[in-house]
Amino acid sequence: MGIHSGPVVAGVVGSKLPRYRLFGNTVNMAARMMQKGLPGELQFGEATKALLPPQVKVTPRGQVEMKGQGKVNTYLLDHKECYRHVTVVQMSTVKTGKALFRALIAGKKAAEGGFQGAAPGSPRSEFQEILREVFRDRSVSRWWSCFCAFCPGWNSFPKELEVAYKNWYFQTVFTDNFSAIRLQRQTLFMFILTVVETGYMLFMSEGFATVPNFFEGLGKLENYFGLRLAVIVLSLGMSLICPPVIMACRHDCSSSWKVWFAWLASQAAHLTFVTVLMLSYMLLPSYAAGQANGKSQELTVPDYVVALMALPVYAAVMMSYQQDFLTSVVYIATFGVMVLLLRFTPGIDQNGYPTGGVTFLGYSMIFAVKAYMGERSLREQFKARHAIDEAKSRIEDILDTLMPQPVMDELQRLPAGSSALSHHYHRATLVQSDLIGFTRMASLKPPEAVVKAVSDLFGLFDGLADEYGIYKVETVGDAYIAGQAEPPLTLDNYPPNVIRFGLKMIGATKKWSSEAWRKWSWRVAPWPLWPLASDSDETIGVRVGVHSGECIGGIVGIDKQRYHLFGQLIHQLELLESTAPENGLQVSSSCKAAVEAAWASDTHTHREENLSVSSCLRFDFVERPEKHLVTSKGEVHQYAEVGGRTFLVWLPPS
């Protein structure tokens with residue numbers, strides 16, 4: 001192991017496989033301390049030793065040759081002595097993926113039912129934290145807050161979700177309220193109820209027991225039958241008109257006026273239906289009195305019986321609908337006006353409700369309370385579902401960047417407790433690039449300039465990877481590793497595309513270095529601090545290596561899982577990259593053979609047809625004439641270390 005201490009630059013880079021990365025000479029020195037270290041030992045330099053407390057025992061190792069640094073004084077940790085005095089430090093808990101998963105499960109349960117508070121530390125409390133994070137900094141105006149304080153859950157409901165909530169409410173709850181089967185059953189219920197109530201009022205009264213008096217009694221109920229006929233016809237019309245209109249608007253929610261019209265028309269029809277139905281009860285006693293056989297006869301249905309008969313019907317037609325709170329307020333206002341009109345209408349001094357309809361209005365208040373609680377629950381459920389969808393989308397986006405999609409699909413199909421996935425790739429072609437001049441840039445530029453530069457370049461590489469069907473394996477510092485292989489790493493495995501991708505990386509870097517970097521450097525600091533981008537010491541170049549062969553792929557880690565590639569192919573690829581010329585691409589002999597085999601095969605002709613004209617141009621391999629491979633730091637390597645002679649592939653002139 002190797003350790004080095006010093007300043008670093010950090011930031012999130014890349015659009016594919018985004019990572020929070022550390023950059024700078026400190027990172028490079030830590031890697032070199034590891035590479036030049038001894039097995040079973042931890043090696044570090046003077047900078048780290050100066051930060052250690054006196055009780056930590058170290059052993060001087062002497063000077064060690066470090067790449068690009070010359071001879072450096074190094075030390076080894078006396079780990080056996082330090083282990084006897086190890087101190088356990090209590091760290092703050094870190095929310096892992098498992099905790100987030102448990103929180104999402106709690107949120108799912110909340111979305112399926114009422115959402116209540118939870119004890120600190122429980123999955124529901126973690127889900128509430130997710131809710132607060134999703135909806136943080138979403139303030140509303142003062143007048144809107146005052147108005148929302150009297151509405152169910154409006155004060156804590158984000159305004160930007162209001163349109164989405166209304167569309168969801170219309171497509172689910174409202175559509176179910178006015179479904180064809182519900183309205184048809186309502187119509188049948190009204191017909192049967194009318195027959196039963198008529199029989200009860202007539203046959204339970206002795207004065208209407210005979211046939212002549214029976215028909216006379218029916219005549220006394222003519223207004224009742226007229227109102228009930230209107231109720232049945234209206235309910236039947238709603239069952240024929242409302243469902244198709246609502247379904248048509250449901251499939252075209254982009255047209256807000258159509259949705260508003262369907263909602264308003266359906267609610268108006270339902271309000272009229274309930275109003276006429278209640279009128280049939282409230283006007284019943286004044287039209288039920290009559291004369292029979294010359295004697296004063298009245299239906300023997302007391303006022304409280306009328307009320308007890310009407311209120312369950314009212315509850316059945318109102319409580320079965322999940323209305324929003326403001327609509328329930330409109331219903332109460334309408335019913336209040338109706339009661340006042342009946343009370344002060346001449347000739348109607350009595351009705352079937354004690355205290356002039358107060359009981360009926362009281363039941364209307366109960367309906368409003370039910371609508372208030374229902375809407376609050378619906379809004380909480382919608383917020384929970386939205387938070388679940390947003391958190392799920394974030395997690396899926398992260399997972400998509402951690403490993404190939406076929407690997408993700410395979411991982412989801414595995415039963416719980418299965419061993420980690422691994423794959424043996426026999427025909428992999430990998431590419432690795434390394435930025436030239438990046439270390440110097442990281443030491444001279446401010447952190448935001450370094451992160452912006454790497455993010456811009458890696459963003460260009462990510463776009464090229466999508467264009468050529470390349471899977472981005474990893475980024476290590478300023479190194480970019482990608483490639484193709486047989487499934488599940490990539491769906492296509494065409495080595496020429498990997499080389500084209502590498503050539504495009506060189507072209508993109510040269511273009512960025514000559515144009516974008518100059519513009520950005522002048523923007524972040526005044527002239528005296530920044531040499532021109534045309535200065536050779538400030539330009540950014542790239543070296544690219546491409547290698548073909550076998551490797552192993554697998555998932556490593558527990559909480560922060562990654563899909564990594566292992567094997568000698570990876571080590572040889574790094575050597576090919578480090579010995580490539582500046583702004584040049586070096587390939588191994590095995591890669592050259594894989595490319596030529598792909599060209600000779602007819603199975604990839606369709607891929608050539610789908611590429612642009614410039615991509616279809618073949619490239620030439622130029623064998624390197626040097627006797628040895630030499631890195632930019634002067635290290636000498638033999639061709640045998642990469643499997644034989646290597647070749648250069650240059651970017652063709654545009």
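All of these numbers come straight from a predicted model, not from anything done at the bench. FYI, side chains are in, hydrogens and waters are out, and symmetry mates aren't considered; it's all heavy atoms of this structure.
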Can you name the nearest heavy-atom pair linking Tyr468 to Arg500, along with the distance?
CE2-CB, 3.8 Å

Working to the nearest 0.5 angstrom, can you tell me the gap between Ile470 CD1 and Asp462 CG?
12.0 Å

Evaluate side chain to side chain contact (heavy atoms under 4.5 Å, CB included) for Ser578 paired with His637, printing each intermediate quantity in order.
CA-CA 10 Å; Ser578 62; His637 296 274; 5.6 Å; no

Could you tell me if the side chain of His423 sits less than 4.5 Å from the side chain of Val407, heavy atoms only?
yes

Checking Gln484 side chain against Thr429 main chain: does a donor-acceptor pair fall under 3.5 Å?
no

Residue from His628, Glu635, Gln586 passing side chain to side chain donor-acceptor pair (under 3.5 Å) with Thr579
Gln586

Do the side chains of Asp389 and Arg385 get close enough for a salt bridge, i.e. N-O under 4.0 angstrom?
no

Give a yes or no answer on whether the side chain of Arg21 reaches the backbone of Thr475 with a donor-acceptor pair at less than 3.5 Å.
yes

Side chains of Pro7 and Thr26: does their closest heavy-atom pair fall under 4.5 Å?
yes

Gly545 to Leu573 - nearest heavy-atom pair and separation:
O-CD1, 3.3 Å

From Thr509 OG1 over to Lys504 NZ, what is the distance, rounded to the nearest 0.5 angstrom?
12.5 Å

Supply the atom-to-atom distance Met66 CE to Met33 CE, rounded to the nearest 0.5 angstrom.
4.0 Å

Is a side-chain donor or acceptor of Thr48 paired with a backbone partner of Gly45 at a separation under 3.5 angstrom?
no

Thr74 side chain vs Gly62 backbone, donor-acceptor pair below 3.5 Å:
yes

Between CZ on residue Phe566 and OH on residue Tyr425, distance to nearest 0.5 Å
11.5 Å

From Asn28 CG over to Leu22 CG, what is the distance, rounded to the nearest 0.5 angstrom?
11.5 Å

Would you indicate whether the side-chain heavy atoms of Leu565 and Tyr563 approach each other to under 4.5 Å?
yes

Parallel, tilted or perpendicular for Phe621 and Phe647, by the 30°/60° rule?
perpendicular

Between Ser433 and Val544 the two heavy atoms that sit nearest each other are CB-CG2, 4.0 Å

Counting C-beta onward and ignoring hydrogens, is there a side-chain heavy-atom pair between Val9 and Val451 closer than 4.5 Å?
yes

Exam field: side chain Asn583 to backbone Val542, donor-acceptor pair closer than 3.5 Å
yes

With a 3.5 Å distance limit and no angle check, can you tell me whether Glu486 reaches the backbone of His426 through a side-chain donor-acceptor pair?
yes

Within-4.5 Å side-chain heavy-atom neighbours: Ser590 and Glu550
no

Under the side chain to side chain contact (heavy atoms under 4.5 Å, CB included) rule, what do Gln43 and Val64 come out as? Steps first, then yes or no, please.
CA-CA 11 Å; Gln43 180 175 256; Val64 177; 4.1 Å; yes

Option from Phe501, Phe461, Tyr480 for which side-chain contact (heavy atoms from CB on, under 4.5 Å) with Val431 holds
Phe501

So Leu648 and Pro581, do their side chains get closer than 4.5 Å, heavy atoms only?
yes

Measure across Ala580 and Arg543 and return the closest heavy-atom pair with its distance rounded to 0.1 Å.
O-CD, 2.7 Å

Walk me through whether Asp434 and Asp478 qualify under side chain to side chain contact (heavy atoms under 4.5 Å, CB included).
CA-CA 6 Å; Asp434 187 68; Asp478 57 332; 3.3 Å; yes

For His424, does the NE2 atom have more than 12 heavy-atom neighbours from other residues, nucleotides or ligands under 6.0 Å away?
yes

Where do Glu410 and Pro488 come nearest, in terms of heavy atoms and distance?
OE1-CG, 4.4 Å

Nearest 0.5 Å, what's the OG1-CD distance between Thr59 and Glu41?
8.0 Å

Do other residues, nucleotides or ligands put more than 12 heavy atoms under 6.0 Å from the CD atom of Gln568?
no

Quick one: does any side-chain atom of Thr490 pair with a main-chain N or O of Asn493 as donor and acceptor, under 3.5 Å?
no

Should Val546 and Val595 be marked as a side chain to side chain contact (heavy atoms under 4.5 Å, CB included) after you check the CA-CA gap, both sets of side-chain angles, and the distance that decides it?
CA-CA 11 Å; Val546 185; Val595 170; over 6 Å; no

Closest non-hydrogen contact found for Ala47 with Ser5 is CB-O, 3.5 Å

Check: Glu641 side chain, Gln638 main-chain N or O, donor-acceptor pair, under 3.5 Å
yes

Does the Ser588 side chain pair with the main chain of His547, one donor and one acceptor, at a distance under 3.5 Å?
no

